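First up is the structure itself, then whatever we jot down about it.
Since this is a predicted model, take the numbers as computed values, not measurements. Just so it is clear: chains get the letters A, B, ... in the order the sequence lines come, proteins before strands, and each one is counted from 1.
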2 protein chains.
Amino acid sequence: MSIPEPARRTQPNADSAAEDYLKTIYHHTEWQSDPVTPSVLASTMGVAPSSVTEMAKKLSAAGLVNYEPYKPLTLTAEGIARARGVIRRHRLIETWLVDEMGYDWHEVHDEAEVLEHSISERLLDAIDARLGHPRSDPHGDPIPSADGTVHSSPALLLSQAGVGTTGTVVRISDRDPSLLLSLAAGGIRPSTTVTVVSQEAEGVVVVRAGSATDATGALVPVTASGTSSIWISSAI
Amino acid sequence: MSIPEPARRTQPNADSAAEDYLKTIYHHTEWQSDPVTPSVLASTMGVAPSSVTEMAKKLSAAGLVNYEPYKPLTLTAEGIARARGVIRRHRLIETWLVDEMGYDWHEVHDEAEVLEHSISERLLDAIDARLGHPRSDPHGDPIPSADGTVHSSPALLLSQAGVGTTGTVVRISDRDPSLLLSLAAGGIRPSTTVTVVSQEAEGVVVVRAGSATDATGALVPVTASGTSSIWISSAI
DNA sequence: GCGAATTTTTAGGCGCGCCTAAAAATCCGT
DNA sequence: ACGGATTTTTAGGCGCGCCTAAAAATTCGC
Ligand SMILES: [Mn+2]
Ligand SMILES: [Mn+2]
Ligand SMILES: [Mn+2]
Ligand SMILES: [Mn+2]
């Protein structure tokens, strides 16, 4: 009894903050290749830029991030592996919630955001097996396999596709639940075939292929920086 | 963009420590009625007694714990409700892991200890419905219902039952996985009928009712304070 | 019932992840 | 190429949940 336990107890979920930084850095380079600067990361994560600098140093000391003052952040090989682990957990949880637990695709992101930090490898594997080792999540994002492999199809941002382009929806960002809801109402999901009808400042009109009478579509918003939330395959 | 967000971001899992204190206080009064002093709580939770005093003041300020210096801690009505919420989550998760995810009963406690703080009410309800609203977990502990009701059967600590007593196993503490494993090997689970064969300092021998040839049993250890980890119904 | 042993509280400190304000470096337009 | 605007870093601070050491209160044995 009463072993004189020498030291500091680890906080619950000790490094979930670090996991979020790794995941967010990875995410920024997954579909685009913006340099990931502290200010970009700070605004994505809702923290002050100084907090990013601080964490960047810590992650650099841990061998997960390459950090040079005043330069963009990049992940080391080990950092990439760790980020993929977090993303694998996130996307398998989202898939499980939709496929087995009665969630709709716009409702799963926030729940996964929390559980990705607490689920064990064993439980994750059980879920993965039960789902039949899915390759992509409900929004079309690839699920890294347990060994770290990722199969992602090359894709084109919808806002960069010219009017008249037809393609298959590869991926839709899950960050805006209300957009997901309206896209579902318009019949647009990953693997749907769509055609760009017009490109305007306030949005992009997309029409799903179909007979003239039952074709459906949606207005896809474009951000100030000129990007939409949908990626399509470049098949003409 | 860049709303001048006024204040302090909440830490991830902000109050999981508080939830653990509430749960542990409740747990101590669930099957026995020891007074819950800071030293008892400190040793159960693996923290210093001064940490308990500190948290007791915080929980008292929050209206969840009755705290008077130098007196045992008790939960307020609101504290009981909150503790039952945590325990409901813990036990439903354990039940789900055993019933659907291929876990054995000695493997679930640690996983539940983490997930109980991060699962949402919605996901919990989905799991509860899927399991058919179970009343007790794999170790025989009652699962509080969503409205806070608990149905627990009166039970007798095995170490307090005389030699020759026969009864039904109501509940087995899940804190010692190796004991659970050996009890399962001995055919002892909740609702098993058992008879106390001998009471000794180092343990209690229990034999399951059965024909003379296939009767099985186990040696149940008794702690220094004279308690075992099994409760039986007082039938006879 | 009193002194010793034990328990509990207080005091002061630490690491984490965040903040604001100010200083320093880089970037950008002319 | 320079000066102002922007970005990034540094400095200092805060709340949380924990710690150890010391002080205070309670409990226990005789
Ligand atoms: Mn997501
Ligand atoms: Mn997703
Ligand atoms: Mn348990
Ligand atoms: Mn249990």
All side chain to side chain contact (heavy atoms under 4.5 Å, CB included) counterparts of A48(B), not counting sequence neighbours: S50(B), S51(B)
field: By side chain to side chain contact (heavy atoms under 4.5 Å, CB included) - contacts of T223(B) (at least two apart)
entry: S225(B), T227(B)
message: Under 4.0 Å, heavy atom to any atom of DNA chain D: which of residues 52-61 of chain A qualify?
response: T53(A), K57(A)
query: Taking only residues two or more places apart in sequence or in another chain, which ones pass side chain to side chain contact (heavy atoms under 4.5 Å, CB included) with K23(A)?
result: D20(A), V86(A), I87(A), E113(A), E116(A)
message: I'd like to check the side chain to side chain donor-acceptor pair (under 3.5 Å) partners of S60(A); sequence neighbours left out, ordered by chain and number.
response: none
- request: Please name all residues satisfying salt bridge (Lys or Arg N to Asp or Glu O under 4.0 Å) with R175(A), sequence neighbours left out, ordered by chain then number.
  value: none
statement: Across all chains, not counting sequence neighbours, the side chain to side chain donor-acceptor pair (under 3.5 Å) partners of E111(A) are Y103(A), S120(B)
All side chain to side chain contact (heavy atoms under 4.5 Å, CB included) counterparts of S39(B), not counting sequence neighbours: T37(B)
message: According to side chain to side chain donor-acceptor pair (under 3.5 Å), who are the partners of S153(A), at least two apart in sequence or on a separate chain?
response: none
statement: In numerical order, the residues of residues 65-75 of chain A whose heavy atoms come under 4.0 Å of DNA chain D are Y67(A), P69(A), Y70(A)
task: Ignoring backbone atoms, establish whether S51(A) has a side-chain N or O less than 4.0 Å from OP1 or OP2 of dG17(C).
output: no
message: For DNA chain D, which residues of residues 36-44 of chain B approach it to below 4.0 angstrom with any heavy atom?
response: none
Contacts table for residues 134-152 of chain A: side-chain donor-acceptor under 3.5 angstrom, sequence neighbours left out:
unit_1: D137(A); atom_1: OD1; unit_2: H139(A); atom_2: N; d: 2.8
unit_1: D137(A); atom_1: OD1; unit_2: G140(A); atom_2: N; d: 3.1
unit_1: D137(A); atom_1: OD1; unit_2: D141(A); atom_2: N; d: 3.0
unit_1: H139(A); atom_1: ND1; unit_2: E94(A); atom_2: OE1; d: 3.2
unit_1: H139(A); atom_1: NE2; unit_2: W105(A); atom_2: O; d: 2.8
unit_1: D141(A); atom_1: OD1; unit_2: W31(A); atom_2: NE1; d: 3.2
unit_1: D141(A); atom_1: OD1; unit_2: R171(A); atom_2: NE; d: 2.8
unit_1: S145(A); atom_1: OG; unit_2: D147(A); atom_2: OD1; d: 2.8
unit_1: S145(A); atom_1: OG; unit_2: T149(A); atom_2: N; d: 3.3
unit_1: S145(A); atom_1: OG; unit_2: T149(A); atom_2: O; d: 3.3
unit_1: D147(A); atom_1: OD1; unit_2: T149(A); atom_2: N; d: 2.9
unit_1: D147(A); atom_1: OD1; unit_2: T149(A); atom_2: OG1; d: 2.4

